[in-house]
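Quick notes on the structure that follows.
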Amino acid sequence: MLNIKGLQVKLEEEDKQILKGVDLKIEPGSVHAIMGPNGSGKSTLSYVLSGKDGYEVTYGSAQLEGADLLDMEPEERAAAGLFLAFQYPVEIPGVGNMTFLRTAVNAQRKSRGEEELSAGDFLKEVRAKAKSLSIDADMLKRPVNVGFSGGEKKRNEILQMAMLEPKMCILDETDSGLDVDAMKLVAEGVNALRSEGRSFLVITHYQRLLDHIQPDVVHIMADGRIVKTGGPELALEVENNGYADILAEVA
Amino acid sequence: MALAKLKADVTEARLARLAMPDGAGWANAARADALARLQAMGLPSKRDEYWKYTDPTSLNAPDAPEAALFHSDESPLFDAVDRVRIVFVDGVFDADASDDLSAEGVEIERLADAMAADIHWVKDVYGVLEARGQTPVNRPFAAMNTAFASDGVVIRATAKVSKPINLIYLHQDVASDAILHNVVKVEAGAEVTLLETGPAAARFSKQLEVEVADGGTFHHVRAQGRDHERRAVTHCFARIGAGSTFKSFTLTFNGVLTRNDCIIEIVGDEAVAHVAGACVGDGRDFHHDDTVFITHDAVNCESRQVFKKVLRNGATGVFQGKILVKAGAQKTDGYQISQSLLLDDDSQFLAKPELEIYADDVACSHGSTSGAIDEEALFYLRSRGLPEKDAQSLLTLAFVAEALEEIEDEALADDLRDRLEGWLARHT
C-alpha cells in the first residue's frame, strides 16, 4: 500500500534536517503504529506524505500503490486515497461542516471520474456515519471545527475519514487532548473502518490509544529515523520503560 | 471663505455641461439651494480629508470617461423573486421595459412628475436629508446630484408592501453620464424592500434619500456590477425614527471607481440601523470606497457596519466609517468591522475607522483587519481533495459570508452568493 524508501526531508526555510532516511512499508489491510519522543519527526512524516508546504525532500521516495506521492498536489494525493487525520484540525469560519464534507466527497469522486453523490444519498450516508460517532445535527451545521471541543474536532476528523473512504489513513496524534471516553469513541470509529483493502498509520506518543486500535506492527522513531520495529509488545515496552531504554539500546 | 481658484474652476467646468430640469416652484428652489451648496463647497480634490484615498478627478471631469460594455449570459439578478421592476437605461426611465409602477401598500411615481406637482410629500425629503448630511462632512457630489438629477422615482410605503421594488440600471451607451435621484418614504409602521441592480452607466451619480417614520422598516439590497470600466458615486441619506429598522447591503463587482457614501441619522429611540457591504475586485484599476457616517441622536439604538473586501492583482479598497454618538444618546450599541482579504502582495486596503462619543453610557466597538488566505485552512481543504482553486473560492466565500449574513431575506442572499461564486470562478 504505502512504500517509503530512504526518505530525507529538511525544512524549506532553514537548513535543518528533520527526516534522515525513513524506510517504511505498509501492506494492504494492516495497521502500523509509529511511536517516538517529541521532535523525532513523526508529524513531519505525516505532513510530507500529505503534501504540506514548507518541507523539502532531499532524498528518497514515497509511493502509494506504486504511484509516486511526492510528485502530486495535496488534492491529488487525497484523490489517490491518502488521508491525514490532523493533530490540530483547522477551524474554518464561514464554511458549514456539511457543505465542506459534501464538497470534499464530490471533489474526490469527480477527480476519479465517478459521478457526484446526490444530495439525498449524501445526507443519508453522513447522518448514519455521524450518528455512530455521536456527532449531532448541530455539529454538522456549524462552521468546520469552529467552537468544537478537542474531542469533537477529532471525531469530526474520523467522520471525514469515514465519508471519504481512503485507502491509506494516517492518524497524527489523534489521541492528544482526548479523555478516555472520547478516545474510545474515536477508536471505535477507526476500527469500524478497518478492512482488507485499507491500511492505517497511527502516530502517537502513548501506548493507550493502541489498547483500542490494535496495531500489527509498531515502529519507534527517533531523530528522524525508524530505530526499532516490532509487534504490539514494543508499545507495551515503551509504556513500561519509556523511550530511554530503547534509544540507549539502539545508540 | 472663497474657494481656491483651481477648485472653483473645476466646479464651473463641470457645471457648464449640466442642465437643471424645470419643475414646480418648490422643486426649482430645492435645486437652486443645492446648486448654491455645491458652489460654496466646490467639487472635491484629493486634498479633502474624505477624498484622500480616492481620486475624484474622473468624477469631476466635464465628460464621462468611456466604459466598455460587459456582455454576459447571466440571467438578471433576483429573476426568481416576484418584484416590481423599474428599468433605467443609461439613467433614463424605460416604461416599456418596466412593470406597472404599482404594488399593494405603496405609491410609486417618476421623480419628474413628483417635482412638477405644486403640492407633494417629497418636498419634505428631496434635498432635505442631503442638506442635513452635509454637516459635519461636505458631500459635494450629493449636492450636485440634488441640483441636476434628471430622473429617478419617489416611493411612499403606507403599509407592508406586497413585493420588493427593483430598480434595474442598464448600461448600453459607452459614454453615458447619468444622474439619478430616488426618494423613499416609509410611513409609520410600514415596510418596504428596495432592490437596486446593474452597472447603470459609464459614469453614474446616484442618490437615495430615505425617511423612515416611527416603527417603519426599510430593507435595501443592492448589487453594483459588472462592467469593468464603469464609475459610480452614490449617496444614501437616511433619517430614521423611533423603533424603526433600516438595513442596507451592497455587493459590488468590478468598476474602476466606486464610491458609496451612506449617511444615517438615528433620531428616534430604539431604532436599528445596519449598513453592510462586500466587494470583489480584480486588477490594478479596481478602486472601491465605502464611506459611512452614522449619527446616534436617540436613546437605546443599535447600529452595525460590516464591510468585507476581496482584492487581487493590485486592487484597492477603502473604508471610512464613523459612529457619532451625540450627548444624551445613552445606551447606544454601536459596532463596526471592516476587513479585507488580500489575495496578493500588490493589493491594498485603506481603512479609517472613527468613533466620536459624547454620551457616557454606550457600548461601541470597532475593528479592522487585512489578511491573506489562511494557508493552514487552504492545506486542510486540499488535503481533503479540494483542488486549490476551489479551496480558495470556498475560503473567499466564507470570508464574505459574515457580510452576506446581514441580509435578512435568504432568497436574496442566496442569489448574491451564487453571483459571487460565478465571479470567483471567473477570476481565480
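Chain A is the first sequence line, chain B the second, and so forth, proteins listed ahead of strands; every chain is numbered from 1. As the structure is a prediction and not an experimental result, all values here were calculated from the model.
When B:Leu381, B:Val400, B:Leu395, B:Asp390 are compared by the number of non-hydrogen pairs under 4.5 Å with chain A, B:Leu381 comes out ahead. When the candidates A:Pro143, A:Ala79, A:Gly51, A:Gly96 are compared by the number of heavy-atom contacts under 4.5 Å with chain B, A:Gly51 comes out ahead. Between chain B and the options A:Glu76, A:Gln108, A:Glu75, A:Glu91, heavy-atom pairs under 4.5 Å are most frequent for A:Glu75. The greatest number of non-hydrogen atom pairs below 4.5 Å with chain A, out of B:Ala401, B:Ala377, B:Gly385, is found for B:Gly385.
For the pair B:Arg384 and B:Tyr380, the cation-pi test (distance below 6.0 Å, angle within 45°) is passed. Under a cutoff of 6.0 Å and an axis angle of 45°, B:Lys308 and B:Phe399 form a cation-pi pair.
In this structure, chain B has no heavy atom under 4.5 Å from any part of A:Val105. For A:Ser50, the parts sitting under 4.5 Å from any heavy atom of chain B are the backbone and the side chain alike. Of the atoms belonging to A:Asn106, not a single heavy atom falls under 4.5 Å from chain B.
Residues of residues 402-423 of chain B lying within less than 4.5 angstrom of chain A, judged on heavy atoms, are absent.
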Query raised in the report: Can you list the steps and then say if B:Phe349 with B:Lys309 is a side-chain contact (heavy atoms from CB on, under 4.5 Å)?
Result: CA-CA 8 Å; B:Phe349 177 52; B:Lys309 294 174 197 276; 3.6 Å; yes
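Between B:Arg259 and B:Asp290 there is no salt bridge, since no side-chain nitrogen of the basic residue lies less than 4.0 Å from a carboxylate oxygen of the acidic one. Ion pairing between A:Arg112 and A:Glu114 holds under the 4.0 Å rule for side-chain N and carboxylate O. Salt-bridge annotation for A:Lys129 and A:Glu165: present, with a side-chain N of the basic residue lying under 4.0 Å from a carboxylate O of the acidic one. We find that B:Asp344 and B:Arg312 are not joined by a salt bridge, their nearest charged nitrogen and carboxylate oxygen being 4.0 Å or further apart.
Taking the six-membered ring for Trp, A:Phe200 and A:Phe83 have ring centres at least 6.0 Å apart.
A parallel orientation is assigned to the rings of A:Tyr47 and A:Tyr55, their planes being inclined by less than 30° (bins at 30° and 60°).
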